[in-house]
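First up is the structure itself, then whatever we jot down about it.
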Protein chains: 2
Amino acid sequence: MESLREVGYRLTPQRMLIIAIIHDSKGHVTAEDVHTRVTEQYPFVDISTVYRTLQLLKKLHLVNETDLGGGRVEYELAQEARHHHLVCRRCGATSPLDDEMIDPLRARLLEKHGFRADMEHFAIFGVCRTCADKGQKG
Amino acid sequence: MESLREVGYRLTPQRMLIIAIIHDSKGHVTAEDVHTRVTEQYPFVDISTVYRTLQLLKKLHLVNETDLGGGRVEYELAQEARHHHLVCRRCGATSPLDDEMIDPLRARLLEKHGFRADMEHFAIFGVCRTCADKGQKG
DNA sequence: GTAGTTATTGCAAGTCGTTGCAATTGCATC
DNA sequence: GATGCAATTGCAACGACTTGCAATAACTAC
Ligand SMILES: [Mn+2]
Ligand SMILES: [Mn+2]
Ligand SMILES: [Zn+2]
Ligand SMILES: [Zn+2]
């Protein structure tokens, strides 16, 4: 919470509120979600401030940003245990995916291309088992 | 080119032009690129028609859509050989990535989760070898 | 505590992309 | 080749997010 100041950023009431809200949120929130909750306590905060703060927290790797295809980007506290999401194009269901599933790819990219891939919080689109079964596709 | 009609869509001059432009383009183009070239030949086509046509071609798996972080989405003819892109967050360089690198992940997702992942044209962000070397990070 | 410096904010305007709707047009049928 | 109907288009309005800028306020030094 004080970490912002340690890295040379100013600790404003807006930022404190936004950070607290992100911490209190279970799972993903949109910028609009955050803005709604911020203005309950501090009515004059502009949504652009929320967006700018989220960008800052993302840059500092304190939050992850992901587009799960819902029309608005989602944010989440950067967890200890990295995870990702599978998103079904048919039914819209999302299920979490352990980072171990994609870690081999990260290793391969580093080994073969010298590329240090972030892959902090991926959304992988496709068709879930349930929908594939329904479609009799094999 | 006639494939649209075969699948039950109407073949309009706008669509024919847009498809021809995508075919003639080497590599990625933005909707604005396409619109600019369309209006050179057919001045009254609206950009919303370009967007709608690109969405349609994407749905039919004739083009791939990807956000490489450049502020506008890029489109590309769906190639025979699938590929992806590595994008360096520091220098902005992008390099193509053979699908073989991520195919094992696709297989693992199907095997362990029954999930048929698309992963048609991924953008993977991170730090390229050159930038990592410059930064003396190991 | 005051003053000065500069980051941050709120606001308004801008950008990229999507969408509702009435007018147009492709295409099937006669 | 005329008629009818639904798909498609152009246009304008909208939605999510970003950005320029002047006013404000956090921090630093006294
Ligand atoms: Mn998540
Ligand atoms: Mn490509
Ligand atoms: Zn599903
Ligand atoms: Zn680089």
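Lettering follows sequence order; numbering is per chain, from 1.
- Contact check, B/Tyr51 against C/dG17: a side-chain N or O comes under 4.0 Å of OP1 or OP2.
- For the pair A/Met16 CE and C/dT8 P, the interatomic distance rounds to 13 Å; values are reported in whole Å.
- Under a 4.5 Å side-chain heavy-atom cut-off, the cluster of Ile, Leu, Val, Met, Phe, Trp and Tyr residues that includes B/Phe125 is completed by B/Leu68, B/Val87.
- When the side-chain hydrogen bond (donor to acceptor under 3.5 Å, both in side chains) test is applied to A/Gln79, no partner is found at least two apart in sequence or on another chain.
- If you take NZ of B/Lys59 and P of D/dA7, they are 12 Å apart, rounded to a whole angstrom.
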**OP:** Would you check, one step at a time, whether the test side-chain contact (heavy atoms from CB on, under 4.5 Å) holds for A/Ile124 with A/Leu97?
**Re:** CA-CA 9 Å; A/Ile124 299 180; A/Leu97 179 73; 4.2 Å; yes
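- The list of salt bridge (charged side-chain N to carboxylate O under 4.0 Å, His left out) pairs with a residue in residues 91-101 of chain A, not counting sequence neighbours, reads A/Arg82-A/Asp99, A/Asp99-A/Arg106.
- Atom pair A/Ile47:CD1 and D/dT19:P shows a separation of 16 Å (rounding to whole Å applied).
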Original post:
Can you give one letter per nucleotide of nucleotides 20-30 of chain D, going 5' to 3': B for a protein heavy atom under 4.0 Å from the base, S for sugar-phosphate only, - for none?
Top reply: B----BBS---
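- When each of A/Val45 and B/Val73 is assigned the nucleotide of DNA chain C with its nearest heavy atom, A/Val45 is the one assigned upstream, toward the 5' end.
- A/Phe44 belongs to no hydrophobic cluster with other residues, because no ILVMFWY side-chain heavy atom falls under 4.5 Å from its own, directly or through intermediates.
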For nucleotides 13-15 of chain D, print each protein N/O atom paired with a nucleotide N/O atom at under 3.5 Å, atom names and distance only.
none

**OP:** Check the pair A/Asp133, A/Arg129 against side-chain contact (heavy atoms from CB on, under 4.5 Å), reporting the backbone distance first and the verdict last.
**Re:** CA-CA 6 Å; A/Asp133 289 351; A/Arg129 190 186 332 243; 3.9 Å; yes
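- C/dT18 atom C1' lies 13 Å from atom CG of B/Leu54, rounded to whole Å.
- If you take CZ of B/Arg15 and P of C/dG26, they are 11 Å apart, rounded to a whole angstrom.
- Pairs of residues two or more places apart, or lying in two chains, that qualify as salt bridge (charged side-chain N to carboxylate O under 4.0 Å, His left out) and include a residue from residues 20-48 of chain A are A/Glu32-A/Arg72.
- Evaluation of the side-chain hydrogen bond (donor to acceptor under 3.5 Å, both in side chains) rule for A/Thr66 yields A/His121 as partners, not counting sequence neighbours.
- Atom P of nucleotide D/dT18 and atom CG of B/Asp67 are separated by 11 Å, given to the nearest angstrom.
- Applying the salt bridge (charged side-chain N to carboxylate O under 4.0 Å, His left out) rule to pairs touching residues 50-59 of chain A yields A/Lys58-A/Glu65, sequence neighbours excluded.
- As rounded to whole Å, 15 Å separates atom P of D/dT19 from atom CG of A/Asp46.
- When the C1' atom of D/dT8 is taken as reference, atom CD of B/Gln55 falls 16 Å away, rounded to whole Å.
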